[in-house]
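Everything on this sheet refers to the single structure shown next.
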Amino acid sequence: MSADSTPEPGITEPVPTGPQRRSGGRREAAPPGRRRKALLAAAWAAAGVLVLGGTGAGYLYFKLNGNLKSVDIDQALGSERPVKVDNGSENILVLGSDTRSGKNRKLGGGIDDGSARSDTAMIVHVYQGHQRAAVVSVPRDTLIDRPACTDTRGDSHPAASGVMFNSAYSAGGAACAVKTVESLSGIRMDHYLEVDFAGFQQLIDDLGGVPVTTTKAIDDPQSHLNLKAGTHTLDGERALALVRTRHGVGDGSDLGRIQLQQAFVKALLDQVEHVGVLGNPKRLYDLADTATKAVTTDSDLGSVNALADFASGLKGIGSSHLRMVTMPVRYDPADPNRVLLQKAKAELVWKALRNDRPIPASATKGTAAGAAKGVVDG
């Protein structure tokens with residue numbers, strides 16, 4: 001549905017036809033020569049956002065539109081931002097929120113301390129032509145100098161030095177997170193997408209699970225994940241535990257968790273394409289309903305039409321056209337649980353994205369990694 005299209009009358013809500021779950025085990029290979037087409041947009045929310053391009057209209061349109069939440073990032077940040085580069089590319093900040101309140105309280109461990117943090121942060125750069133993309137994961141434990149910012153309620157938050165990256169979201173929500181990323185990278189974020197624990201879990205369940213192969217056993221009591229080496233179809237609860245696991249893999253750092261997240265995102269994209277959601281009205285509706293409830297967007301994407309148009313421009317990007325890296329960092333010698341930005345190498349990443357060029361291999365060579373690469377095959 002384009003931004004100018006008008007809802008057609010007479011489209012009713014699909015009648016439930018029973019669970020659309022797949023059994024565990026290895027999925028069948030796609031037919032030879034079949035081009036993988038899946039949405040890259042919101043990492044965790046990718047599967048749900050994709051279906052908006054195929055939603056009907058009438059009652060469904062207004063119901064889904066009413067589900068969406070949006071925040072006016074542009075108004076909060078004003079004019080003191082990096083210049084928008086007009087080269088056909090787009091930059092999206094994707095956050096996974098780990099608030100421990102409401103339905104999220106019992107998911108993935110932790111306690112309800114009344115706060116919210118950006119558990120996962122990814123800068124998604126969609127190249128000109130929208131046929132490939134790069135994703136830069138920002139470790140939440142990176143010590144940074146946080147700029148002063150104004151949140152979407154108009155409240156001011158002072159600058160702070162030597163604080164964790166995810167403190168920006170805790171202090172001032174979406175607007176302060178965007179400003180901090182723009183300050184780090186010198187790149188203007190064109191859009192913002194956020195998804196929470198409960199929404200992510202339900203999206204995976206609506207999709208029927210996501211198959212992954214683990215090359216090593218994972219046992220992390222804190223995220224409640226226990227997987228033997230082998231192929232598993234993860235439901236929402238176990239998928240959430242996987243992308244939050246850090247103590248059961250690699251060096252136990254946030255960097256290892258990022259490597260698991262990156263592998264899972266690729267598996268998720270493949271699964272969206274594999275199950276053929278556009279040919280299943282019940283699954284299509286369930287995914288769209290869950291996704292629009294789960295995500296918070298910037299105001300430019302705050303309608304079904306706008307989100308559908310945005311999604312339709314990304315359908316040519318499959319996992320094989322996706323480069324995923326971690327922002328170049330090194331371990332903090334004063335605290336093994338923190339990392340420090342490698343500024344010279346990071347600038348190679350930011351320069352490449354500003355110029356819509358591939359990220360050079362030299363930008364991430366020799367940087368702290370987490371030692372969990374390959375634990376999830378992807």
Side-chain angles (χ1 to χ4, degrees), residues 40 43-44 82 85 89-96 118-128 131-145 164-166 177 180-187 189 215-216 242-243 245-246 249-269 317-333 335-378:
L40 165 72
W44 292 352
V85 178
S89 65
E90 285 189 290
N91 297 291
I92 307 104
L93 176 61
V94 178
L95 293 185
S118 52
D119 189 61
T120 298
M122 297 179 176
I123 300 169
V124 179
H125 177 83
V126 182
Y127 289 94
Q128 181 182 24
Q131 294 300 307
R132 57 193 180 95
V135 176
V136 182
S137 296
V138 181
R140 70 176 198 176
D141 296 337
T142 309
L143 296 179
I144 61 161
D145 292 333
M164 288 172 57
F165 166 78
N166 69 344
T180 299
V181 167
E182 291 184 344
S183 176
L184 276 175
S185 65
I187 299 172
M189 296 296 106
T215 59
K216 298 179 181 179
L242 177 68
V243 298
T245 287
R246 63 184 293 174
V249 295
D251 61 7
S253 72
D254 188 47
L255 300 177
R257 171 167 51 190
I258 285 173
Q259 291 177 319
L260 296 184
Q261 291 170 351
Q262 292 174 344
F264 184 81
V265 166
K266 290 189 175 184
L268 174 59
L269 290 174
I317 302 174
S319 63
S320 62
H321 300 101
L322 181 63
R323 172 87 188 280
M324 303 192 78
V325 304
T326 301
M327 184 178 74
V329 294
R330 60 184 176 88
Y331 294 107
D332 181 1
D335 185 347
N337 294 314
R338 301 290 179 263
V339 294
L340 304 173
L341 183 67
Q342 290 202 33
K343 294 183 179 181
K345 286 182 175 291
E347 181 53 32
L348 295 177
V349 175
W350 311 139
K351 183 178 180 180
L353 299 189
R354 282 194 294 267
N355 292 293
D356 203 37
R357 304 291 298 171
I359 297 171
S362 59
T364 55
K365 185 177 181 179
T367 59
K373 186 175 179 62
V375 173
V376 173
D377 188 15

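Predicted model only: the values in this text are computed from it and were never measured. Computed over heavy atoms, backbone and side chain alike; hydrogens, waters and symmetry mates excluded.
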Before you tell me yes or no, could you show the steps for Asp141 and Arg257 under salt bridge (Lys or Arg N to Asp or Glu O under 4.0 Å), namely the whole-Å CA-CA distance, both residues' side-chain angles and the distance that decides it to 0.1 Å?
CA-CA 12 Å; Asp141 296 337; Arg257 171 167 51 190; 5.5 Å; no
Is it the case that the side chain of Gln259 and the backbone of Gly374 share a donor-acceptor pair, with hydrogens and angles ignored and the cut-off at 3.5 Å?
no
Does any non-hydrogen side-chain atom of His125 lie less than 4.5 Å from one of Val136?
no
Among all residues two or more places apart in sequence or in another chain, which pass the side chain to side chain donor-acceptor pair (under 3.5 Å) test with Asp251?
Ser253, Tyr331
Show the nearest heavy-atom pair for residues Ala372 and Gly256, with the distance to one decimal.
CB-O, 3.6 Å
Minimum side-chain heavy-atom gap Ile359-Leu353 below 4.5 Å:
yes
Can you tell me how far CZ of Arg357 sits from CD of Gln128, rounded to the nearest 0.5 angstrom?
11.0 Å
When rounded to the nearest 0.5 angstrom, what distance separates CZ in Arg132 from CD1 in Ile317?
10.0 Å
Any side-chain heavy-atom pair of Met327 and Trp350 under 4.5 Å
yes
Short side-chain to backbone donor-acceptor contact, Thr142 and Phe165, under 3.5 Å:
no
Where is the tightest heavy-atom contact between Ala363 and Pro328, given as atom of each residue plus distance?
O-CG, 3.3 Å
Would you say the side-chain atoms of Ser137 and Gln261 include a donor-acceptor pair closer than 3.5 Å?
no
Hey, what do you get for CZ (Arg246) to CG (Leu260), rounding to the nearest 0.5 Å?
11.5 Å
Atom CD1 of Ile187 and atom CG of Asn91: how far apart are they, to the nearest 0.5 Å?
5.5 Å
According to side chain to side chain donor-acceptor pair (under 3.5 Å), who are the partners of Thr180, at least two apart in sequence or on a separate chain?
none
Roughly how far apart are Ile123 CD1 and Leu95 CG, rounded to 0.5 Å?
10.0 Å
Reported OG1-to-CG distance for the pair Thr120 and Asp254, which is rounded to 0.5 angstrom:
7.5 Å
Would you mind reporting whether Leu143 and Met164 have side-chain heavy atoms less than 4.5 Å apart?
yes
Tell me if the CZ atom of Arg323 is crowded by more than 12 foreign heavy atoms within 6.0 Å.
yes
I need the minimum non-hydrogen distance between Pro139 and Ile258, along with the two atoms involved.
CA-CD1, 3.7 Å
As a test of understanding, state which of Leu255, Val138, Leu340, Thr367 forms a side-chain contact (heavy atoms from CB on, under 4.5 Å) with Val329.
Leu255
Hey, are the side chains of Val265 and Val135 touching, using non-hydrogen atoms and a 4.5 Å cut-off?
no
Correct closest heavy-atom pair for Pro82 and Glu182 would be CD-OE1, 3.5 Å
Sequence neighbours excluded - salt bridge (Lys or Arg N to Asp or Glu O under 4.0 Å) pairs with any residue from residues 358-372:
none
